[in-house]
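All chains are named by letter (A, B, ...) in the order of the sequence lines, taking the proteins before the strands, and each is independently numbered beginning at 1. Values below: all heavy atoms of this structure, side chains included; hydrogens, waters and symmetry mates excluded.
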There are 2 protein chains.
Amino acid sequence: MERRGTSRKRDEAAFLAEYDASRYPRPSLTVDVALIQVEQGRIRSLVRKRGGHPELGKWGLPGGFVRPDESLDEAAARVLREKTGWMRVFLEQLYTFGRVDRDPRTRVVTVAYYALVDAGRLIKAEDSAMQTEWAELVVPWDGERGGTVDCRSADGHRLPLAFDHAEILGMAVRRLRGKLPYAPIGFELLPRRFTLRALQDIHEAILGHTVNKDAFRRRLLASGLISATGVRETGVGHRPAELYRFARGDRETKS
Amino acid sequence: MERRGTSRKRDEAAFLAEYDASRYPRPSLTVDVALIQVEQGRIRSLVRKRGGHPELGKWGLPGGFVRPDESLDEAAARVLREKTGWMRVFLEQLYTFGRVDRDPRTRVVTVAYYALVDAGRLIKAEDSAMQTEWAELVVPWDGERGGTVDCRSADGHRLPLAFDHAEILGMAVRRLRGKLPYAPIGFELLPRRFTLRALQDIHEAILGHTVNKDAFRRRLLASGLISATGVRETGVGHRPAELYRFARGDRETKS
DNA sequence: TGAATAGTGTCTATAAGACAATATCCC
DNA sequence: GGGATATTGTCTTATAGACACTATTCA
């Protein structure tokens with residue numbers, strides 16, 4: 001038994017030494033990150049104007065090639081770090097896009113990720129060298145049906161998206177709509193302390209429709225996901241709301 | 001304007017002609033298919049015993065390299081067709097696995113798909129040349145927490161899984177558990193006509209817990225997703241149940 | 001004081017769970 | 001008829017939606 005096991009090991013080592021990865025054609029593999037924030041009832045995503053071919057002048061998501069020594073999650077985190085400087089951001093794999101002609105250069109398959117940040121992070125990304133915008137996403141479909149989304153700049157201009165990035169962003173919105181009702185992801189889009197109204201606004205922006213205020217409050221307070229801080233918002237011109245914080249995970253460390 | 005547009009086109013053409021895809025290292029890209037069926041309260045998946053290195057003797061999912069001229073969906077459908085002969089099977093992208101060392105040969109990223117077939121398809125796959133089993137999936141975690149699953153042969157033996165395929169199958173179960181309550185996927189696991197009890201059994205097997213019978217019936221009948229055929233099952237040793245059929249999509253054509 | 005939104009309490013409608021009663025098959 | 005499960009009907013309980021009422025801030 002021992003001998004057989006050892007010999008099998010040797011066989012495998014020999015096999016691996018001879019293995020030639022170039023025997024099969026390999027597509028290029030990239031990651032793209034749909035970086036999402038919600039502000040004033042609008043979903044926004046970070047897009048950058050392409051300065052080179054192909055799709056010159058169109059707007060694209062931050063992305064890059066997957067390196068041999070990093071996993072897909074690591075590649076996505078690296079891309080996000082390189083383009084924004086941010087770390088410890090909520091980041092999750094979304095979907096892999098592999099249409100044959102999605103990139104005119106060569107066969108490129110991209111593993112799309114989505115990331116969520118609060119609107120307070122608005123400023124930092126804008127003073128990058130590259131022309132970068134938090135573009136508003138206009139979603140022309142209901143519910144979780146899916147499809148592409150339109151991209152608008154702050155002044156209402158339509159920003160044409162490169163490659164299949166309109167599809168990727170559509171998938172991101174679809175995923176958010178699907179997860180929001182039962183997963184604690186809305187908190188990622190808010191600062192550490194927030195009012196229930198702010199959280200409801202996030203939900204409404206993502207879902208694309210209003211939600212019942214009473215039921216929303218009741219459900220959330222009963223969920224145990226949030227806890228009151230005892231502090232209230234200030235300077236709002238009406239009765240100030242209690243500030244809550246997300247009561248799960250290690251988000252205490254955030255700031 | 002016209003000239004500028006034309007010149008930009010020429011620039012792009014020149015760029016594309018010079019583009020060298022080998023400038024960045026490219027991982028190998030495969031698809032793997034978790035082919036799922038449910039029978040007698042058990043979730044099963046099709047696994048094949050590996051006849052070559054690496055992971056010789058372990059059990060793996062049907063899979064193959066993505067070819068340059070096919071999309072990811074097409075690759076998955078082709079793999080499924082090659083290994084089982086089946087077409088028009090429910091097939092959906094699951095998740096992409098890209099741990100650096102997941103395959104000892106070289107860097108291999110795999111786009112996992114899951115496919116659903118009814119238990120009536122049991123026989124055809126077993127008379128394949130390769131050693132193939134509909135292995136039972138044993139899920140050691142609750143709800144949608146996720147994790148790996150164990151694989152058992154019909155006689156209760158544990159089948160060791162190759163690569164990260166235990167993880168892929170775990171993700172498939174997790175996805176099914178997440179989608180089942182609101183997506184019409186249970187029907188894919190049943191023959192064209194089925195009883196409500198059979199559908200409930202499917203749900204219980206996937207979810208890993210019993211469901212309330214009364215509520216299940218009411219919800220389904222009210223959903224409009226199914227319609228009665230007027231026919232009843234026969235030879236069951238008790239009052240026969242009405243046979244229903246899925247009342248949406250083009251599933252009429254199935255058989 | 002008035003405008004505006006937060007927060008509370010209560011009623012109603014709807015869906016889920018429990019369970020009894022009856023129906024219909026095979027043996 | 002007896003065993004077994006399907007199907008129907010009713011009652012109870014939990015949750016969502018609606019809405020009135022009070023609270024608290026700023027202008």
Please answer whether the main-chain N or O of [Y] pairs with a side-chain N or O of [X] as donor and acceptor at a distance below 3.5 Å.
X	Y	answer
H165(A)	L61(A)	yes
Q93(B)	Y95(A)	no
R48(B)	G60(B)	no

- [ ] Kindly state whether the ring of F246(B) and the ring of F194(B) have centres lying under 6.0 angstrom apart.
- [x]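 Ring-ring flag for F246(B)/F194(B): false, centres at least 6.0 Å apart.
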
Task: SB check K179(B) E92(B) (cutoff 4.0 Å) - done: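 Salt bridge flag = yes for E92(B) with K179(B).
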
Distance in angstrom units between [X] [atom1] and [N] [atom2], rounded:
X	N	atom1	atom2	value
L221(B)	dA16(C)	CG	C1'	15 Å
H209(B)	dA16(C)	NE2	P	14 Å
N212(A)	dT12(C)	CG	P	17 Å
H238(A)	dT5(C)	NE2	P	6 Å
Y244(A)	dA6(C)	OH	P	11 Å
E233(A)	dT25(D)	CD	C1'	10 Å
R217(B)	dA6(D)	CZ	C1'	6 Å
Y182(A)	dA16(D)	OH	P	17 Å

TODO: When you get a sec, tell me which of dT24(D), dG7(C), dC25(C) is the closest nucleotide to the side chain of A241(A)?
DONE: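 Comparing dT24(D), dG7(C), dC25(C) against the side chain of A241(A), the answer is dG7(C).
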
Open item on the list: On DNA chain D, does the nearest nucleotide to T234(A) precede the nearest nucleotide to F216(A) from the 5' side, or the other way round? Give the residue.
Closed with: F216(A)

Task: Closest-nucleotide ordering on DNA chain D, the 5'-leading residue of D214(A) and L243(B) - done: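 It is L243(B) whose nearest nucleotide is closer to the 5' end.
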
Does a distance-only test, which skips hydrogens and angles, find a donor-acceptor pair under 3.5 Å between the side chain of [X] and the base of [N]?
X	N	result
R197(A)	dG7(C)	no
R218(B)	dG17(C)	yes
R239(B)	dA23(C)	yes

TODO: Examine dA6(D): is either OP1 or OP2 under 4.0 Å from a nitrogen or oxygen in the side chain of K213(B)? Give yes or no.
DONE: yes

